[in-house]
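Quantities reported herein were computed from a predicted structural model and do not represent experimental measurements.
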Amino acid sequence: MSQQFGKGCHLHLIDGSAFIFRAYHALPPLTRKSDGLPIGAVSGFVNMLQRYIEGNTGPDAATHVAVIFDKGSHTFRNDMYDQYKANRDAMPEDLRPQMPLTREATRAFNIACEEIEGFEADDIIATLSHQARDAGGRVTIVSSDKDLMQLVGGGVEMLDPMKNKRIDDEGVHEKFGVGPNRVVDVQALAGDSVDNVPGAPGIGIKTAALLINEYGDLESLLDRASEIKQPKRRQTLIDHRAQIELSKRLVQLDCEMELPFDLDSLEIKDPDSETLLAFLGEMEFRTVLKRIADRMGVEAPVIADAAPVEIDTPDAVPFDAEKYECVSDITALQTWIDRIYARGYVAVDTETTSLNEMRAQLVGISLCVTPGEACYIPLTHKGGKADDLFGNDDLADGQMGFEDCLNLLTPMLQDPSIVKIGQNMKYDTKIFANLGITVAPIDDTMLMSYAMHGGMHNHGMDLLSEKYLSHTPIPIKPLLGTGKSAITFDRVPVADAVPYAAEDADITLRLWQMFKPKLHTVGVTTVYETLERPLVPVLAQMERNGIKVDRDTLSRMSNAFSQKMASLEADIHEKAGRSFNVGSPKQLGEILFDEMSLPGGKKGKTGAYSTGADILEDLATEHEMPGLVLDWRQLSKLKSTYTDALQDHINADTGRVHTSYSIAGANTGRLASTDPNLQNIPIRSEEGRRIREAFVAGEGKVLVSLDYSQIELRILAHIAGIDALKQAFKDGQDIHAMTASEMFDVPMDEMTPDIRRQAKAINFGVIYGISGFGLARNLRIPRGEAQGFIDRYFERFPGIRAYMDETVQFAKDHGYVQTLFGRKIHTPEINAKGPGAGFAKRGAINAPIQGTAADVIRRAMVRMPEAIADLPAKMLLQVHDELIFEVDEAAADDLITIARDIMENASDPAVKLDVKLAVDAGRGKNWAEAH
DNA sequence: ACGCTCACG
DNA sequence: GACGTACGTGAGCGTA
């Protein structure tokens, strides 16, 4: 078989580094499912090698081949010129571990793999090219690197693997304007910014080629430089002769290296199927493994643990409800499970009886593995007939057994090698968790959209489908009806449910296929992977934990509020001179400003008098009635929103209140709490604060609250680089007092509460994008005076002004602003005219600060479950800068130590804050005590 | 369905 | 020069 390299032989030399970098940048940062090892570049590299091998036929096919790599970063060129390639970025962190794997991949394909310390791959390629050419063979250099063009000629050609275009003498001429033998001369003059080769200043490839063609070669040109007519060009060449000659030595490839191998050793060999398949299996490259195994005619070994996520281009398969399948028996379901395993991922959607996950019963499941092909598995649809007023509680026909279905699906849902894709997966994972099924790993199209499009629009499925798939989903309203006559999904006939439910999975899969690669393009992969995706199981668990709420406490408070309100109402009516609905702002406004003729009646845009708290407070200094109304309103609020409504949210089974957090609701990255909102439980007023006494710890347990101290001001100090603020935090000073001292020239030991209060308002105002008007209204001082404060503040902390200006400018230039962790918040209104511009500006100033704080606590939350796994503790609630836990009394101190450590260091290692984060802790039998 | 008011960070 | 403004949320109520 073996033949001496010579005439009739054809050597292919592949530029390995170029392959790697192209693979790295072309693909999203894939990771090996089993252990998270980054393997995107390896995957792309393997695919490129495979494609190369498959295409290696015909007249240009190789008889000998080698992949050549760079080894180390220091070469003999650095000894000549220490700035050589000095402007190269450091290798990305996630690429570094992939380098040895690309060598392994090459060897697995049984292709020669060569690298030599101190030399660039290009030198090895040069030497081999010359050897092969001198032996009378052909050479093809698989690379598009122009530095290699000097080697072309005499049977040596290049092949641009991207364009699949061969480059010969003529191609080199096109690129450099000279033949291959003069390429280094042109490069020596033109320099190269990529490799940091200096060349001659002001001379590019065009001019260089012109000069070389005129004078023959570089040496003649430099010797005869004085003959050049253009004075500037002449002077440049004379002045920079040494630099140009150095440049030539830098670009000149070494074609006479001593190589520890010969051409014959590069002869093409068939890969050993066992070695190759073992390598691909180890990398968990399911798809390419299968393809290569098929090609080799052997059976693909089963990848035990996981499969990589493969990215299909979303082809334009039309939506077709007719094609959706209703799965009603085990055989059909097994077929779907087989398809899912062949794919490695599946879009999942659940249909239930309620939007409240804690109460919802599973009604059916939809699956989709490829666009246009989806199924619905109805499980507990009722067989109600239209003429039966109360419906028929018997199960409808044509449904497989609930247990049978789950027994079959559960291994897949829990299989770490199968990605379960959903739109708002927190909902579906909770539904499955209720049945004892832990769905993982997951991907979430809603959160992908949130990471990419935050601030542009919301992220509901209907909108995403409309906007990104140009498809209007089947509406749910006609199926369920509205208002009192609405039915639950289990009452929807199976025939109607199939197209609706299956379509949701179909849409989700298509969105996923579109979004997955786009995450990388938009530059939010890290945001999605560290701040969104891992939060889903954490929040799901917190919500399922719930917090114990004591109904009796609430009920007693409710009664007390009722009595006080009744008495206040009587007083108010008496002062008003007649009876009216105190809860009606419209009636109240008419009483106050028309009938009682109090001053300050201002009508809003709807024509109604404004009766907000600030207006009533102003009136209260002159008259008694507005103050009474304020008291009544406070009680009314506490009663209706808290003591009454909260009781309705106590879950009958758990005796606890289970809120739901929206991860993609707030534009800044904050969470939002709904049903009920547990992020706005009263605390500022004494009466309101007592509501927190109803939030209690279980028997033998305590509630622990940990909250970040002044996190937004600390972040502001860091982002805007305010040394005085940083120092104050470092010294543990009272930050508002310090601000007051700086602004009003009051020594710290003479600080009065009132001056401090004003400084505090200014500090907050800064975070919100301060305006004279806003501060004036907040502090109830004249606008001019407020503006004076602001001017003084900016004078004292000029960095703040600079931060604000820069942030607004950034928003105008880019259409978004960013947090320290890379979360993008889009600001579509920033260039608007009119009052909208003011809102957008202040929003842009506030978003990086509020958003960074939100990112910080998200990071803490993601790390928390593992950190406290060994403690008898549960994380229950998040209130923006506060986390609330329930823990066995004896372990409370340990919990505080551990959780505080996680919270205070949450920004590490991604962001090194100049200001340390501080966390205050409290504990008690109820939330009022703990805070 | 919408605006007002008010609870929180 | 006037305009209208603090940032981010959710819920309950009255009014249309």
**Message:** Which nucleotide wins on minimum distance to the side chain of A/F839, given the candidates C/dG14, C/dT5, C/dA16?
**Reply:** C/dT5

**Prompt:** What integer distance in Å separates A/M557:CE from B/dA7:P?
**Reply:** 14 Å

**Prompt:** With both distances under 3.5 angstrom, what nucleotide forms a Watson-Crick or G-U wobble pair with C/dA16?
**Reply:** none

**Request:** Would you classify A/R689 as touching base, sugar-phosphate or nothing, given that sugar-phosphate means primed atoms plus P, OP1 and OP2, and contacts are heavy atoms under 4.0 Å?
**Result:** nothing

**Message:** Side chains of A/T553 and A/D550 only: does a donor on one sit below 3.5 Å from an acceptor on the other?
**Reply:** yes

**Message:** Within the 4.0 Å heavy-atom criterion, would you say A/L775 contacts the bases, only the backbone, or no part of the nucleic acid?
**Reply:** base

**Message:** Just to be sure I understand the rule, does A/E712 reach a base, reach only the sugar-phosphate, or reach nothing, if contact means heavy atoms closer than 4.0 Å?
**Reply:** nothing

**Request:** Ignoring the backbone of A/S771, work out which of C/dG10, C/dG8, C/dT5 is nearest its side chain.
**Result:** C/dT5

**Item:** Heavy-atom donor-acceptor pair, A/R842 side-chain to C/dT5 base, under 3.5 Å
**Value:** yes

**Item:** Nearest-angstrom distance from the residue atom CG of A/L638 to P of B/dA7
**Value:** 7 Å

**Prompt:** From C/dA16, C/dG10, C/dA6, pick the nucleotide closest to the side chain of A/N680?
**Reply:** C/dG10

**Item:** Centroid-centroid under 6.0 Å between A/F797 and A/Y793 rings
**Value:** yes

**Request:** Consider the side chain of A/L630, meaning its heavy atoms from C-beta on, and name the nucleotide among C/dG8, C/dG14, B/dC6 that approaches it most closely.
**Result:** B/dC6

**Message:** Would A/R842 pass as a cation-pi partner of A/F839, given that its NZ or CZ must be under 6.0 Å from the six-membered ring centre and within 45 degrees of the axis?
**Reply:** yes

**Fill in**
Closest to the side chain of A/Q634, out of C/dA6, B/dA7, C/dG14, is B/dA7

**Message:** Applying a 4.0 Å non-hydrogen cut-off, can you work out what A/S673 is touching in the nucleic acid: base, sugar-phosphate, or nothing?
**Reply:** sugar-phosphate

**Item:** Distance, rounded to the nearest Å, where A/W632 contributes CH2 and B/dT5 contributes P
**Value:** 13 Å

**Message:** Applying a 4.0 Å non-hydrogen cut-off, can you work out what A/A844 is touching in the nucleic acid: base, sugar-phosphate, or nothing?
**Reply:** nothing

**Request:** Indicate, with a heavy-atom threshold strictly under 4.0 Å, whether A/G765 touches base, sugar-phosphate, or nothing.
**Result:** base

**Message:** A side-chain contact here means heavy atoms from C-beta on lying under 4.5 Å apart; do A/H649 and A/V549 qualify?
**Reply:** no

**Atom pair distance, as rounded to whole Å: CD1 in A/I691 and P in C/dG12** = 13 Å

**Prompt:** Given side chains that start at C-beta, do those of A/V808 and A/K812 come closer than 4.5 Å, heavy atoms only?
**Reply:** yes

**Request:** Please report, rounded to the nearest Å, how far the C1' atom of C/dG8 is from the CZ atom of A/F764.
**Result:** 13 Å

**Pairwise C1' distance, B/dA7 and C/dC3 [rounded to whole Å]** = 30 Å

**Request:** Answer with base, sugar-phosphate or nothing: what part of the nucleic acid does A/I683 contact at a heavy-atom distance below 4.0 Å?
**Result:** sugar-phosphate

**Request:** When you get a sec, tell me which of C/dC13, C/dT9, C/dG14 is the closest nucleotide to the side chain of A/S640?
**Result:** C/dC13

**Message:** Looking only at the side chain of A/D881 (C-beta and beyond, no hydrogens), which of the listed nucleotides C/dA6, C/dT15, B/dG9 gets closest?
**Reply:** B/dG9

**Asked** Which part of the nucleic acid, if any, lies within reach of A/A608 when heavy atoms closer than 4.0 Å are counted: base, sugar-phosphate only, or nothing?
**Response** nothing

**Message:** Checking base pairs now: Watson-Crick or wobble, both atom distances under 3.5 Å. What partners C/dT5?
**Reply:** none

**Request:** Would you mind telling me which of C/dT5, B/dG9, C/dG14 lies closest to the side-chain atoms of A/F773?
**Result:** C/dT5

**Item:** Closest to the A/N677 side chain, choosing from B/dA7, C/dT9, C/dG10
**Value:** C/dG10

**Prompt:** If you measure from the P atom in C/dA6 to the same atom in B/dC6, how many Å do you get, rounded?
**Reply:** 14 Å

**Request:** Whole angstrom is fine here: how far is it from OH in A/Y642 over to P in C/dA11?
**Result:** 10 Å

**Prompt:** Between A/R823 and A/E532, is there a side-chain N and carboxylate O pair less than 4.0 Å apart?
**Reply:** yes

**Asked** Within 45° of the ring axis of A/F561 and under 6.0 Å from its six-membered ring centre, is that where the NZ or CZ of A/K639 lies?
**Response** no

